[in-house]
Number of protein chains: 2
Amino acid sequence: MEADMLMESTTRSRPAMAPSQVTPPASLHSLFARQPVENFVSGQILFFEGDEAKSIFEVVEGTLRIVRILPDGRRVITGFLHAGDLLGISFKSHYIYTAEAINNVTIRRLSRRAFETELANSDEIRPAVFHQMSDEMAAAQDQMVLLSTKNAEERLCSFLLKELQREMRAGGLAPIVKLPMTRLDIADYLGLTIETVSRTMTKLANKGVLTPSGRHAVEILRRGMLAQLAGDGDECEIEWRMTNTSREEFRRH
Amino acid sequence: MEADMLMESTTRSRPAMAPSQVTPPASLHSLFARQPVENFVSGQILFFEGDEAKSIFEVVEGTLRIVRILPDGRRVITGFLHAGDLLGISFKSHYIYTAEAINNVTIRRLSRRAFETELANSDEIRPAVFHQMSDEMAAAQDQMVLLSTKNAEERLCSFLLKELQREMRAGGLAPIVKLPMTRLDIADYLGLTIETVSRTMTKLANKGVLTPSGRHAVEILRRGMLAQLAGDGDECEIEWRMTNTSREEFRRH
DNA sequence: CGCCGTATTGAAGTCTTTCAACGGACGTGG
DNA sequence: CCACGTCCGTTGAAAGACTTCAATACGGCG
């Protein structure tokens with residue numbers, strides 16, 4: 001808060017982060033509507049990686065983290081889930097990741113049997129599921145791009161921007177991003193350390209991009225600059241497509 | 001439930017690096033069997049990111065790269081495709097990546113319309129497609145883990161090991177990994193630079209793990225060591241799963 | 001045989017991590 | 001209500017890993 005940093009930022013432009021998970025289509029949501037809600041307290045685990053995949057879930061309220069632990073103890077978070085997101089839609093016999101509640105979470109659960117029955121019978125559900133999976137795949141690719149090429153500042157900005165967009169979509173009024181997860185969670189999600197996340201956050205605050213609002217929220221002051229720093233700008237895309245094309249034309253013979 | 005879990009770990013360890021794409025189930029393969037083959041020369045592009053997604057493909061022969069270009073020119077390769085792999089299975093209206101032939105490639109193509117018709121009608125195809133998508137998702141998650149946490153040596157070893165496993169599955173006899181892609185491709189896939197890939201390769205050769213076999217292949221001399229270095233070892237998994245469990249038990253109340 | 005693109009190697013630089021200490025918030029208990 | 005302890009987050013300094021820049025070597029193809 002008081003420390004001022006003299007480091008200048010190297011700002012470059014980068015490409016697009018697609019929205020990670022969209023609200024499940026009405027048709028999918030309806031599957032869960034009649035299921036009873038279940039509650040999980042902060043830190044509680046819905047299922048472990050390796051558990052038999054018996055259920056799929058709809059998050060009603062709260063935030064979850066999707067975790068994978070490596071043999072040597074390193075932890076990776078491959079995603080966060082919020083109200084409206086779906087969890088566990090896969091056709092593998094066992095879960096390939098652990099799902100933990102970050103805060104108090106309410107979910108509805110559907111047995112996989114019931115789900116697959118619906119899937120077989122309903123011509124409405126099926127495309128919705130395909131689309132859901134396609135969206136998840138696109139999000140995964142975006143995350144790969146982030147982890148492959150982006151530096152700490154770009155990663156954090158991308159993350160904050162995505163969260164902001166989600167909150168706005170969900171009807172948020174003020175440009176405030178809630179961060180129920182710890183810095184460690186964010187670090188493990190962005191492939192950084194807790195210290196780097198902290199330092200980068202401070203740097204962004206000093207630049208006037210955001211201001212901390214308590215410990216688990218930030219207010220975005222300059223959304224445009226945030227987007228710039230996220231490197232998701234798309235103004236160059238056409239040129240790149242063109243050069244790419246011509247190079248190909250050239251090669252093609 | 002915990003006992004269950006431990007059992008699971010002891011008997012069969014999770015594939016830390018899941019095989020990216022398995023050979024398509026016979027049912028999916030059969031969709032393409034009657035399509036004519038098409039050829040693409042090295043460097044030629046099947047489709048661009050952003051193109052309307054009109055077709056899905058089965059790779060008959062050769063190797064492709066899945067590419068995303070960022071606005072500032074940085075390039076990310078999110079995957080390689082080999083004979084037997086499927087390409088373009090998604091339910092988005094436009095492709096979200098570019099597909100380029102690395103060497104001379106033969107494919108069979110199916111119009112998306114035909115594909116979706118089959119999907120709607122065949123009770124055999126549908127689950128195969130779901131499984132295919134789930135496999136791709138698992139591969140994407142593994143790649144995220146790689147990019148999040150692994151260092152250069154672990155990344156390269158993971159990559160080589162996966163390629164080796166694929167070649168062995170495909171009936172390869174000698175422990176030789178063919179690398180039709182350039183070092184730049186590998187670098188862009190692993191989130192490294194060409195120089196780091198080169199140096200790491202040299203280091204592995206010096207350790208006696210592998211030996212170069214021409215410029216576009218390596219012979220694996222010590223597969224066990226390669227697996228060790230890949231960081232996908234699973235000998236500690238049980239312990240970690242246990243600590244994970246007990247921590248949860250502790251938290252759970 | 002010689003050229004050009006690709007790969008390797010070296011040295012310097014940069015960014016992130018690691019190690020270490022401090023500070024602040026929250027919850028518990030006095 | 002305040003004190004205190006603990007956990008989480010912040011900050012600093014040093015070390016490390018990878019990148020960048022630059023030069024050289026290799027190998028396929030004309």
Side-chain angles (χ1 to χ4, degrees), chain A residues 1-12 41-43 72-75 102-103 146-157 179-206 210-218 229 231 247 250-251, chain B residues 41-43 65 72-75 102-104 146-157 179-206 210-218 229 231 247 250-251:
Chain A
M1 185 194 276
E2 53 281 347
D4 73 319
M5 315 200 90
L6 299 174
M7 324 179 77
E8 67 279 52
S9 67
T10 51
T11 47
R12 302 173 236 175
V41 301
S42 172
D72 64 355
R74 284 179 290 188
R75 191 181 81 146
I102 282 177
N103 45 22
L146 180 145
L147 294 169
S148 277
T149 70
K150 292 188 175 179
N151 64 25
E153 189 175 82
E154 293 169 322
R155 290 182 195 198
L156 187 56
C157 289
L179 300 172
M181 66 291 289
T182 66
R183 292 287 188 270
L184 183 59
D185 287 334
I186 298 174
D188 286 348
Y189 178 61
L190 298 178
L192 302 169
T193 60
I194 174 178
E195 292 96 333
T196 300
V197 170
S198 184
R199 275 186 256 269
T200 307
M201 202 77 92
T202 304
K203 195 160 72 174
L204 291 175
N206 289 338
L210 53 80
T211 186
S213 171
R215 210 146 176 181
H216 284 291
V218 295
L229 295 175
R247 186 179 57 199
F250 175 75
R251 271 175 161 175
Chain B
V41 300
S42 172
R65 57 177 169 249
D72 66 352
R74 284 180 292 186
R75 192 182 80 148
I102 282 178
N103 45 24
N104 291 349
L146 179 144
L147 294 169
S148 277
T149 70
K150 293 188 175 178
N151 63 26
E153 190 175 82
E154 292 170 319
R155 290 181 195 197
L156 188 56
C157 289
L179 300 172
M181 66 290 290
T182 65
R183 293 287 187 269
L184 183 59
D185 288 334
I186 297 174
D188 286 348
Y189 179 60
L190 298 178
L192 302 169
T193 60
I194 172 177
E195 293 94 335
T196 300
V197 170
S198 184
R199 275 186 257 270
T200 306
M201 202 76 94
T202 304
K203 194 160 73 175
L204 291 176
N206 290 337
L210 53 81
T211 186
S213 172
R215 213 150 180 179
H216 284 291
V218 294
L229 295 174
R247 185 180 56 198
F250 175 74
R251 274 173 161 177

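Throughout, a chain's letter reflects where its sequence line sits, starting with A, and its residues are numbered from 1.
Not counting sequence neighbours, the partners of B/E153 by the salt bridge (Lys or Arg N to Asp or Glu O under 4.0 Å) test are B/K203, B/K207. For B/T196, the side chain to side chain donor-acceptor pair (under 3.5 Å) partners at least two apart in sequence or on another chain are B/T193. Applying the side-chain contact (heavy atoms from CB on, under 4.5 Å) criterion to B/T182, with sequence neighbours excluded, gives B/L184, B/D185.
A rotation axis mapping the C1' atoms of four pairs onto the next four is fitted at both ends of the helix from C/dC1-D/dG30 to C/dG30-D/dC1 over five pairs, and the angle between these axes is 30° to 10 degrees.
Annotation: of the two residues near DNA chain C, A/V197 and B/R183, the 5′-most nearest-nucleotide partner is B/R183.
Here the CD-OG1 distance, from A/E195 to A/T200, works out to 11.0 Å after rounding to the nearest 0.5 Å. Here the CG atom belonging to B/L156 is positioned 12.0 Å from the OH atom belonging to B/Y189, to the nearest 0.5 angstrom.
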- Message: For a side chain to side chain contact (heavy atoms under 4.5 Å, CB included) check, start with the C-alpha distance between A/L147 and A/R155, then their side-chain angles and the critical distance, and finish with the verdict.
- Response: CA-CA 8 Å; A/L147 294 169; A/R155 290 182 195 198; 4.0 Å; yes
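Nucleotide C/dT9 holds its P atom 13 Å from the CD1 atom of B/I194, rounded to whole Å. At whole-Å resolution of the value, CG in B/L184 and P in C/dT6 are 9 Å apart. Across the protein-nucleic acid pair, A/L179 atom CG and D/dC8 atom P stand 16 Å apart, rounded to whole Å. The separation between A/H216 atom NE2 and C/dG24 atom C1' is 12 Å, rounded to whole Å.
Of the possible polar contacts, none joining the A/R183 side chain to the A/I194 backbone as a donor-acceptor pair under 3.5 Å is found. No donor-acceptor pair closer than 3.5 Å links the side chain of B/S42 to the backbone N or O of B/N104.
Looking at every heavy atom in both residues, A/L210 comes nearest to A/M201 through CD1-O, 4.1 Å. Annotation for A/D188 and B/S148: closest pair O-OG, 4.5 Å, computed over non-hydrogen atoms.
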- Task: At under 4.0 Å between heavy atoms, which parts of nucleotides 21-30 of chain D does protein reach? Answer with one letter per nucleotide, 5' to 3': B base, S sugar-phosphate only, - none.
- Result: B----BS---
Check nucleotides 14-18 of chain D against the protein and report each pair of N or O atoms closer than 3.5 Å, with its distance, or say if there are none.
| residue | atom | partner | partner atom | Å |
| --- | --- | --- | --- | --- |
| D/dC18 | OP1 | B/A152 | N | 2.7 |

